[in-house]
Amino acid sequence: MSNTKDLPPPKTEIGVVGWCRKHLFSSWHNTLLTIVVAYFLVTLIGPLLNWLIFDATFSGTQPSDCTGGGACWVFINQRINFYIYGFYPDPLQWRIDVMFVLLAVAFVPQFIENFPKRKWFGIFGLTGLPVIGYILIPGGHFGLENVPSSKWGGLALTLILSYVGIVASLPLGTLLAMGRRSDMPIIRGLCVIFIEVWRAVPLITVLFMASVMLPLFLPEGMNFEKLARALIGITLWQSAYMAEEIRGGLQAIPKGQYEAASALGLGYWKKMGLIILPQALTLVIPGIVNTFISLFKDTTLVLIIGLFDILGAVQSTITDPAWQNVTTEGYVFVAFCFWVFCFGMSRYSQNLESKLDTSHRN
Amino acid sequence: MHKWYGKFHVLKDLNLTVEQGERIVICGPSGSGKSTFIRCINRLEEHQQGQIIVDGVELTDDLRQIDIVRREVGMVFQHFNLFPHLTVLENCCLAPLWVRKTPRREAEATAMEYLKRVKIPEQAHKYPGQLSGGQQQRVAIARALCMKPKVMLFDEPTSALDPEMIKEVLDVMIELAESGMTMICVTHEMGFAKTVADRVLFMDAGEIVETAPPHEFFSNPKEGRTQQFLKQILHH
């Protein structure tokens, strides 16, 4: 044992003062940079906050209530129902609400460390939730009144489009990626053709094809709804991207892992399911989530085939002559909605990545 | 049996019969085909001519036959090839659970038993990335043993290890050999060969050049190529 007592570190090295010295004012040019950046932040953020919050009007019912000079959130307030539910009939909107609640039940626990059995909530979100949604939202069964998809819209439609796209494209993409790496030439060839064709086409073309061209080729009497066609198009298009993302992960798994699994007597599907895919998918989480986020934003393109997602809904109302100059508010609102969901996905992916990282690579 | 990589004739007319409980050590210069040879025994590599029969089952293109053989043949690799996303215990239980359909409790008990035998039961709940090379290789041996194989194949099990870890792995292998396991080992550890092998095979350029019991092999090699090889590895 040493006789010298442990001394506390010098005051200037710890706490707020220490942190500031180290990170903000460590040398004269860093000090200068800090001051310049701080000046810009103050001059930019001040007016922005004024417009967004302090001078903004939140309560009221008519355009004349907006007198503060800031944002007129009254407008959003007045139209919020349309932005969320589209033309979904008012008395039936509880169905959408139920879906929102279930979505939250499935995914909010994923953000809370140590939430009991949160894995099962996630599994419900990927299996039970789509099934319930499939029954509940269109209705037509179990005494539920039918709501045609032409009436769906707003945020609900955005979520339906991206949710279906995401949940369906992940397994499909995985299968395609495995097929592309297969030893069987016919399967590999088909997968390569599928992936290369869909990936080479812009989503907007896919949507056009799905809504305008496809009905021309289908036999008389056989006709999907426009939304279903868009969903199929989005899913197939997305799964081609997903396949390439996952293939990257599959290729990063060392050959030894395949050999060890084979040597233990695991057949192809068990080998892939238990050994290869868990590792490959973990590796490509950032890429997968990146693709999900861009799909989420790309769903706004359905506007061109006449579906009113949240962007479409907002855009159709900001030209209302009764409200003047609410364009900015509308777009800021849309941006905020997208940001909330995309940021959520991004945070979740980081959480998942650190949880699944067992490599101890440091 | 024969094997070609494309036009390259890697394994030439190999002929070997291994009795139950026999310990075979295969040595030879790198590129002589020794790893390829033992990888043919559980069909990680295909052979093109001749027959490989493991415990009465012939290895052909038939996937069921291959599965039957792989179940009975354990393999330990040069680079361990543990599954990094599973804990040590899960690594060991995986194949018994999914291939042999052993109940979980029984599989875990067996796994712990073998982990004790390789002297690392306390690491059972760690991930492979947290273990040293020697420990990982011992886990790999335990993982193969959990399937209760009839034959164990070792493909240079100590070549990727730091010198101070080689002994701990060899000790486990020697103990295993003494328990009567049938073993085929590709290794450069001549001490191990002297201690446990029933027969030592020397391979060069895809052929079995010489087969002899260890004392004869080391003291009185017959073939010129064997003599040269032994001179190179024993005198440095």
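Chain letters run A, B, ... following the sequence lines, proteins first, then strands; residues in each count from 1. The figures here come from the full heavy-atom set of this structure, side chains too, leaving out hydrogens, waters and symmetry mates.
- Applying the salt bridge (charged side-chain N to carboxylate O under 4.0 Å, His left out) criterion to B:Asp162, with sequence neighbours excluded, gives no partner residue.
- Residue B:Trp98 qualifies as open at atom CH2: its count of foreign heavy atoms under 6.0 Å is 12 or below.
- Distance check: A:Ile275 CD1 to B:Leu94 CG gives 4.5 Å after rounding to the nearest 0.5 Å.
- Residue contact with chain A, scored on non-hydrogen atoms closer than 4.5 Å, involves the backbone and the side chain of B:Arg143 alike.
- At most 12 heavy atoms of other shown residues, nucleotides or ligands fall within 6.0 angstrom of atom NZ in B:Lys167.
- Within a 6.0 Å radius of CD1 in A:Ile186, no more than 12 heavy atoms belonging to other residues, nucleotides or ligands are found.
- Contacts with chain A were tallied for B:Arg70, B:Arg39, B:Glu72; B:Arg70 has the most, counting heavy-atom pairs under 4.5 Å.
- Here the closest heavy-atom approach between residue B:Asn42 and residue A:Ala263 is recorded as ND2-CB, 3.7 Å.
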Donor-acceptor list for residues 74-83 of chain B side chains, cut-off 3.5 Å, not counting sequence neighbours:
| unit_1 | atom_1 | unit_2 | atom_2 | d |
| --- | --- | --- | --- | --- |
| B:Asn81 | ND2 | A:Gly256 | O | 3.1 |

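- Of the inter-residue distances, the one linking B:His85 atom NE2 with A:Ile253 atom CD1 reads 8.5 Å to the nearest 0.5 angstrom.
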